[in-house]
Amino acid sequence: MNCKMPSDPQFSTHYQKHLKCLKLNGLQPKTVEAFSRALRRIGNYFDGEIADLSPDELLDYFHDLLESRSWSAVKLDLYGLKFFYTHVLNKPWQDIPLVKPPKTSRIPDILSVEQLNALLAATTTISYKVFFFTAYSMGLRLGEGINLKVGDIDRTTMRVHVRNAKGNKDRLVPITDYTLHVLRSFWQMHRHPQFIFPNRKRGLKKAHLAETPLDRGGIQVAMKTVVEELGIKKQISCHSLRHAFATHLLEAGVDLVELQQILGHVSILTTARYTHLTTKTKNNAYQAINTLVHSVDIQWGGWK
């Protein structure tokens, strides 16, 4: 479906107010873009006339949307339209009887340490190589790594201030001596006064003049390219570096609560899912159970 801006003047007026309301409600930039894209897509579908849609019209729209998009897109468009009705039009929202997808629980693929080393070795662009290493060594989300700034690193406490993370929350994560050394060496190559990872549009030598950080799409393409070159059959993305970090720390014996704080999870249940991904914890559990059971004697003698 078309996500371009509809030409209808009335829609344009509503759209600009929609943008203002999204920003004033303190939503994350990714959410603002998703809800804005949803409104443009819906506007194109209904030729700009979206102020008085009937439940049947909306049912048709979301049915057609699901033919070409995922359930995630359907939900984002639904939430974006609901926001538009309640905050821009000031109209009551009538829930749409959508068929909900079955709940699924996916287990992410995890890079081994050997695969991680191979991935870093195969990444020839220094900005992407350092970014992948940094994201792994601190368990960062893609956006968190992109937005790292020079002033976020505290060399006294050896902590990094991760700002405006998921849920509009900040957190402090530990940084190792080696990661600090890598970042310092990388910074000396570009010397940007603000960004740890400046945009590469002008090349690395002129990266200190960049007005924006490293491009999200470029990082994702670099990851996909390297994974394909290495012939890794697992489903690996930039977020896989965070999964690997969490799993490897659990295998190293890091406390689950401490890991929760490092990753910035609201619920420890989210962190606990990584216990299903560690072969070492499974082996430890087996050994503990084996020792426990062998300490019990069921007294085979005296059967009747």
Provide the full list of ring pair (Phe, Tyr, Trp, His ring centres under 6.0 Å) pairs with a residue in residues 214-241, sequence neighbours left out, each pair given once.
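Matches after skipping sequence neighbours: His239-His243.
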Quick one: [atom1] on [X] to [atom2] on [Y], what's the gap to the nearest 0.5 Å?
X: Asp64; Y: Arg69; atom1: CG; atom2: CZ; value: 12.0 Å
X: His14; Y: Cys21; atom1: NE2; atom2: SG; value: 11.5 Å
X: Ser240; Y: Tyr136; atom1: OG; atom2: OH; value: 12.5 Å
X: Lys17; Y: Leu24; atom1: NZ; atom2: CG; value: 11.5 Å
X: Leu65; Y: Leu58; atom1: CG; atom2: CG; value: 12.0 Å

Is it true that atom [atom1] of [X] has more than 12 heavy atoms of other residues, nucleotides or ligands lying nearer than 6.0 Å?
X: Glu49; atom1: CD; value: no
X: Gln188; atom1: CD; value: yes
X: Lys82; atom1: NZ; value: no

On a heavy-atom basis, which atom in His192 and which in Ala207 lie closest, and how many Å separate them?
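Closest pair (atom of His192, atom of Ala207, distance): CD2-O, 3.1 Å.
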Please report the closest heavy-atom contact between Phe245 and Ser137, naming both atoms and the distance.
CE1-O, 3.4 Å
State whether the side chain of [X] and the backbone N or O of [Y] hold a donor-acceptor pair below 3.5 Å, judged by distance alone.
X: Gln28; Y: Ala165; value: yes
X: Asn25; Y: Leu27; value: no
X: Ser267; Y: Leu269; value: yes
X: Asp152; Y: Lys149; value: yes
X: His63; Y: Leu59; value: no
X: Lys205; Y: His190; value: no

Close side-chain approach of [X] to [Y], heavy-atom, < 4.5 Å:
X: Leu241; Y: Phe133; value: no
X: Leu183; Y: Trp187; value: no
X: Ile232; Y: Leu111; value: yes
X: Leu148; Y: Leu140; value: yes
X: Asn164; Y: Glu144; value: no
X: Asp47; Y: Asp8; value: no
X: Leu259; Y: Leu263; value: yes
X: Gln261; Y: Val173; value: no

If the plane angle is over 60° it's perpendicular, under 30° parallel, otherwise tilted; pick one for [X] and [Y].
X: Phe35; Y: Phe83; value: tilted
X: Phe46; Y: Tyr61; value: tilted
X: Tyr15; Y: His18; value: tilted

Examine the side chains of Thr176 and Thr179 and answer whether a donor and an acceptor come within less than 3.5 Å of each other.
yes
Going by atom types alone, do His161 and Asp170 pair a side-chain donor with an acceptor below 3.5 Å?
yes
Carefully, step by step, assess Phe11 and Met5 under the rule side chain to side chain contact (heavy atoms under 4.5 Å, CB included).
CA-CA 9 Å; Phe11 177 88; Met5 185 69 180; 3.9 Å; yes
Hits for side chain to side chain donor-acceptor pair (under 3.5 Å) against Asn147, two or more places apart or cross-chain, chain-then-number order -> none
Are Lys233 and Glu228 ion-paired here, with the side-chain N under 4.0 Å from a carboxylate O?
no
Listing, residues 209-221 side-chain donor-acceptor contacts under 3.5 Å, not counting sequence neighbours, or none:
residue : atom : partner : partner atom : Å
Thr212  : OG1  : Asn199  : ND2          : 3.2
Asp215  : OD2  : Gly217  : N            : 3.2
Asp215  : OD2  : Gly218  : N            : 2.8

